Student: 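After the structure tokens below, expect a handful of questions from me.
This structure is a prediction, so every number in the text was calculated from the model and none was measured. All values below come from the heavy atoms of this structure, side chains included, with hydrogens, waters and symmetry mates left out.
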Amino acid sequence: MGVLVAGGVSGGHINPAVTLTLALVGKFPFRKVAHYVVAQYLGAFLAAGATYVVYIDAINSYEAGSNRPIMGDGATAGIFATYPQTFLSEEVGFADQVFGTGILLAVVCALSDPKNRVPKSLVPLFVGLTVVAIGMSMGFNCGYPINPARDLAPRFFTAIAGWTWRVFT
């Protein structure tokens, strides 16, 4: 939906990895990358804030006075960002995300290739289906934070809003 909404204004750029990749392959001007990335992170941060406003009563009710743990029993930070399984090493988690993001980028580049003749009106649908497919097939380890802005900016928001790294099991 984000690609569809932003498509007419920005070309549907809501992911810094996509923006940078398109610039590297010559499909987007480098001079615009920094502006787009800042807007993407700001948009994700504001979206986390909006989610917080909408769900604050439910969060408070569910947490029942806890000190907002990020992981473990009673944790609600997963509403805003994805967190890895406890068994996952940093190296495998990194590889998992590089591979998943690579799949997304390959599909986005294929969809924007004029030789493939994908109707522009279908590109947002195919991007969305690709994200769903990546999540369904590769989401077990880390969720699927294949959009750096969508994952990192909400983490900053939860840090500011009081979530802690204390883990309760």
Side-chain angles (χ1 to χ4, degrees), residues 1-6 10 12-22 33-34 36-109 124-169:
M1 294 294 120
V3 172
L4 182 63
V5 169
S10 72
H13 290 239
I14 60 173
N15 184 331
V18 171
T19 300
L20 181 59
T21 299
L22 292 177
V33 169
Y36 273 61
V37 169
V38 168
Q40 291 157 349
Y41 276 92
L42 181 60
F45 185 87
L46 294 174
T51 301
Y52 180 80
V53 168
V54 170
Y55 286 104
I56 186 60
D57 290 338
I59 291 168
N60 287 338
S61 175
Y62 180 77
E63 289 179 337
S66 72
N67 61 353
R68 301 222 166 144
I70 289 177
M71 297 174 71
D73 292 342
T76 55
I79 294 169
F80 303 95
T82 57
Y83 294 91
Q85 298 281 356
T86 56
F87 58 78
L88 190 67
S89 69
E90 289 180 13
E91 297 82 13
V92 173
F94 181 78
D96 177 289
Q97 291 310 298
V98 168
F99 186 63
T101 303
I103 292 169
L104 174 65
L105 297 173
V107 171
V108 167
C109 285
L125 175 65
F126 290 142
V127 170
L129 290 173
T130 301
V131 171
V132 169
I134 292 168
M136 288 173 42
S137 63
M138 297 184 62
F140 183 69
N141 283 339
C142 303
Y144 46 107
I146 54 178
N147 180 338
R150 202 258 341 130
D151 192 63
L152 185 59
R155 288 175 189 262
F156 287 134
F157 178 84
T158 55
I160 292 167
W163 271 262
T164 65
W165 278 105
R166 293 188 191 116
V167 177
F168 296 97
T169 57

Student: Of all the heavy-atom pairs spanning A161 and Y52, show the shortest one and how long it is.
Tutor: CB-CE1, 4.3 Å
Student: Quick check: closest heavy atoms across Y36 and H13, and the distance to 0.1 Å?
Tutor: CD2-CB, 3.6 Å
Student: Does the plane of the ring in F80 sit parallel, tilted or perpendicular to the ring in F157? Use 30° and 60° as the thresholds.
Tutor: tilted
Student: Report yes or no: does S61 contribute a side-chain atom to a donor-acceptor pair with the main-chain N or O of D57 at less than 3.5 Å?
Tutor: no
Student: Hey, what do you get for CG (L129) to CE (M136), rounding to the nearest 0.5 Å?
Tutor: 10.0 Å
Student: Is there side-chain contact between C109 and V18, with at least one heavy-atom pair below 4.5 Å?
Tutor: no
Student: Within the 4.5 Å heavy-atom criterion, are Y41 and L152 side-chain neighbours or not?
Tutor: yes
Student: Restricting to salt bridge (charged side-chain N to carboxylate O under 4.0 Å, His left out), what partner residues turn up for D151, sequence neighbours left out?
Tutor: R155
Student: I would like to know whether I146 and M138 meet side-chain contact (heavy atoms from CB on, under 4.5 Å); could you show each step before the answer?
Tutor: CA-CA 11 Å; I146 54 178; M138 297 184 62; over 6 Å; no
Student: Strictly distance-based, threshold 3.5 Å: is any side-chain N or O of T19 a donor or acceptor partner for the main-chain N or O of N15?
Tutor: yes
Student: Under 3.5 Å, which donor-acceptor pairs link side chains of residues 86-102 to any protein atom two or more places apart or in another chain?
Tutor:
residue, atom, partner, partner atom, Å
S89, OG, V92, N, 3.2
D96, OD2, N141, ND2, 3.3
T101, OG1, Q97, O, 2.8

Student: Take T51 and I79, measure what side-chain contact (heavy atoms from CB on, under 4.5 Å) needs, and give me the verdict at the end.
Tutor: CA-CA 8 Å; T51 301; I79 294 169; 3.8 Å; yes
Student: To the nearest 0.5 angstrom, please state how far the CD1 atom of I134 sits from the CD1 atom of I103.
Tutor: 5.5 Å
Student: Taking everything shown except F45 itself, do over 12 heavy atoms lie less than 6.0 Å from its CZ?
Tutor: yes
Student: Using side-chain contact (heavy atoms from CB on, under 4.5 Å), reason through R68 and I59 one step at a time and then give a plain yes or no.
Tutor: CA-CA 9 Å; R68 301 222 166 144; I59 291 168; 4.2 Å; yes
Student: Applying salt bridge (Lys or Arg N to Asp or Glu O under 4.0 Å), which residue pairs with at least one partner in residues 133-145 are found, sequence neighbours left out?
Tutor: none
Student: Shortest non-hydrogen contact from C142 to P145?
Tutor: O-CD, 3.4 Å
Student: Can you name the nearest heavy-atom pair linking P16 to V37, along with the distance?
Tutor: CB-CG2, 4.0 Å
Student: If you look at every heavy atom in A149 and P154, which pair is closest and at what distance?
Tutor: O-CD, 3.4 Å
Student: Given W163 and T76, is the side-chain contact (heavy atoms from CB on, under 4.5 Å) satisfied, shown in steps?
Tutor: CA-CA 9 Å; W163 271 262; T76 55; 3.0 Å; yes
